[in-house]
A.B. asks: 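Encoded as structure tokens, here's the structure I'll be asking about.
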Amino acid sequence: VALTKLRQFCALPSLLDDHKSKIPIDKSSKLTRLTDLIDEITLNCEKAIIFTSYTRMADIIAAIVRQRLGTFSDVLDGRTPIDDSQTMIDRFTEEKGPGALVLNPKAGGAGLNITAATHVIHYNPEWNPALEDQASARAHRRGQTRPVMIRRLICKGTVEEIVEERVLRKRLLSDAAVVGVSGA
């Protein structure tokens, strides 16, 4: 529980508050950096998919994108009925101009084709590198004709750096385990 709270604090300190305001009063360097990235993406009239594990953070990000930038934004996570997921992705794809779709990496990380996005942003690191890779692959699907920029936001000097070290170790271990394996 303590580790989860530390990770939530890195995402946004007010996630730990008991009151559930829609948009936080506090500023975090991570949220500021995300907003700067969304500004840049919006100026280039492009679209992004943003992954976060926390439902409240997803709501906050979507609200900021809508209110501050005035662009399309929606949340696809465990609260989204399965039948509504594809409709939401279709709206995101068909919407002219910039936009952002905020997804939970578990709910939105598999089986979806989101080639309208040319940017993938992982707002908070995941313990499982395969989960993060699968989530990134939502934009790298058949039909994607443009380069896709993938960014990971990590707070320096925090528990997120420890998560990052462990993920790197898992990647190296996985790479070593599959060396010499052939598909015969």
A.B. asks: Give me the one residue out of Leu153, Thr35, Leu12 that meets side chain to side chain contact (heavy atoms under 4.5 Å, CB included) with Lys30.
C.D. replies: Leu153
A.B. asks: Step by step, work out the side chain to side chain donor-acceptor pair (under 3.5 Å) result for Gln86 and Asp90.
C.D. replies: CA-CA 6 Å; Gln86 190 58 51; Asp90 291 344; 2.9 Å; yes
A.B. asks: Show your reasoning for whether side-chain contact (heavy atoms from CB on, under 4.5 Å) applies to Leu16 and Lys5.
C.D. replies: CA-CA 7 Å; Leu16 301 176; Lys5 293 208 178 285; 4.0 Å; yes
A.B. asks: Counting C-beta onward and ignoring hydrogens, is there a side-chain heavy-atom pair between Thr115 and Val148 closer than 4.5 Å?
C.D. replies: no
A.B. asks: Find out whether Thr80 and Val75 are in side-chain contact, i.e. whether some heavy atom of one side chain is under 4.5 Å from a heavy atom of the other.
C.D. replies: no
A.B. asks: Do Arg79 and Asp59 sit within salt-bridge range, that is, some charged N less than 4.0 Å from a carboxylate O?
C.D. replies: yes
A.B. asks: Is the backbone N or O of Ile50 less than 3.5 Å from a side-chain atom of Tyr123, with the two atoms forming a donor-acceptor pair by type?
C.D. replies: no
A.B. asks: Taking Lys170 for the side chain and Asn128 for the main chain, is one N or O donor matched with an acceptor at less than 3.5 Å?
C.D. replies: no
A.B. asks: Answer with yes or no whether the side chains of Asn124 and Ser53 bring together a donor and an acceptor at under 3.5 Å.
C.D. replies: yes
A.B. asks: Starting from Leu103, can I reach Met149 by hopping between I/L/V/M/F/W/Y residues whose side chains sit under 4.5 Å apart?
C.D. replies: no
A.B. asks: Measure the shortest side-chain to side-chain distance between Trp127 and Leu3 over non-hydrogen atoms and say whether it is less than 4.5 angstrom.
C.D. replies: yes
A.B. asks: Which heavy atom in Cys10 sits nearest to a heavy atom in Cys155, and how many Å separate them?
C.D. replies: O-SG, 3.6 Å
A.B. asks: Could you give the distance from CE (Met57) to OG1 (Thr52), rounded to the nearest 0.5 Å?
C.D. replies: 6.5 Å
A.B. asks: Going through the checks in order, is the side-chain contact (heavy atoms from CB on, under 4.5 Å) test met by Arg7 and Tyr54?
C.D. replies: CA-CA 10 Å; Arg7 291 182 67 221; Tyr54 308 112; 3.2 Å; yes
A.B. asks: Closer than 4.0 angstrom, basic N to acidic O: yes or no for Glu40 and Arg151?
C.D. replies: yes
A.B. asks: Looking at Leu172, I'd like to know if its CG atom is crowded, meaning that more than 12 non-hydrogen atoms belonging to other residues, nucleotides or ligands lie closer than 6.0 Å.
C.D. replies: yes
A.B. asks: Heavy-atom distance under 4.5 Å between the side chains of Leu34 and Ile61, does that happen here?
C.D. replies: yes
A.B. asks: Given 3.5 Å as the limit, does a donor-acceptor pair link the side chain of Arg56 with the main chain of Ser14, or not?
C.D. replies: yes
A.B. asks: Evaluate Ile154 against Val163 for side-chain contact (heavy atoms from CB on, under 4.5 Å), listing each step before the verdict.
C.D. replies: CA-CA 9 Å; Ile154 308 291; Val163 172; over 6 Å; no
A.B. asks: Less than 4.5 Å apart, any side-chain heavy atom of Phe92 and any of Asp74?
C.D. replies: no
A.B. asks: I'd like to know if the side chain of Gln134 reaches the main chain of Ala130, judged simply by a donor and an acceptor atom lying under 3.5 Å from each other, with no hydrogens or angles considered.
C.D. replies: no
A.B. asks: Of all the heavy-atom pairs spanning Val102 and Ser73, show the shortest one and how long it is.
C.D. replies: CG2-OG, 4.4 Å
A.B. asks: Find the distance between CG (Leu101) and CD1 (Ile49) and round it off to the nearest 0.5 Å.
C.D. replies: 7.5 Å
A.B. asks: Tell me, do Ile121 and Leu37 make a side-chain contact under 4.5 Å, heavy atoms counted?
C.D. replies: yes
A.B. asks: Going from CD1 on Ile64 to CD1 on Ile38, what distance comes out if it is rounded to the nearest 0.5 angstrom?
C.D. replies: 10.0 Å
A.B. asks: Please identify each residue that fulfils salt bridge (charged side-chain N to carboxylate O under 4.0 Å, His left out) with Glu95, with sequence neighbours left out.
C.D. replies: none
A.B. asks: Just one of Glu160, Glu132, His122 clears the side-chain hydrogen bond (donor to acceptor under 3.5 Å, both in side chains) bar with Arg152, so which one?
C.D. replies: Glu132
A.B. asks: Kindly give the heavy-atom pair with the smallest separation between Ile41 and Ala48, and that separation in Å.
C.D. replies: CD1-CB, 3.9 Å
A.B. asks: So which atom in Pro13 and which in Ser28 form the shortest heavy-atom distance, rounded to 0.1 Å?
C.D. replies: CD-CB, 4.0 Å
A.B. asks: Considering only heavy atoms from C-beta outward, does the side chain of Val167 approach that of Glu126 to under 4.5 Å?
C.D. replies: no
A.B. asks: What's the spacing between Arg166 CZ and Leu173 CG if we round to 0.5 Å?
C.D. replies: 13.0 Å
A.B. asks: Output, in order, the C-alpha distance, side-chain angles, deciding distance and verdict of salt bridge (charged side-chain N to carboxylate O under 4.0 Å, His left out) for Asp84 and Arg91.
C.D. replies: CA-CA 11 Å; Asp84 294 348; Arg91 277 189 27 236; over 6 Å; no
A.B. asks: Output, in order, the C-alpha distance, side-chain angles, deciding distance and verdict of side-chain contact (heavy atoms from CB on, under 4.5 Å) for Val159 and Glu164.
C.D. replies: CA-CA 9 Å; Val159 68; Glu164 187 63 18; over 6 Å; no
A.B. asks: Would a 4.5 Å heavy-atom cut-off, applied to side chains only, mark Thr118 and Pro147 as touching?
C.D. replies: no
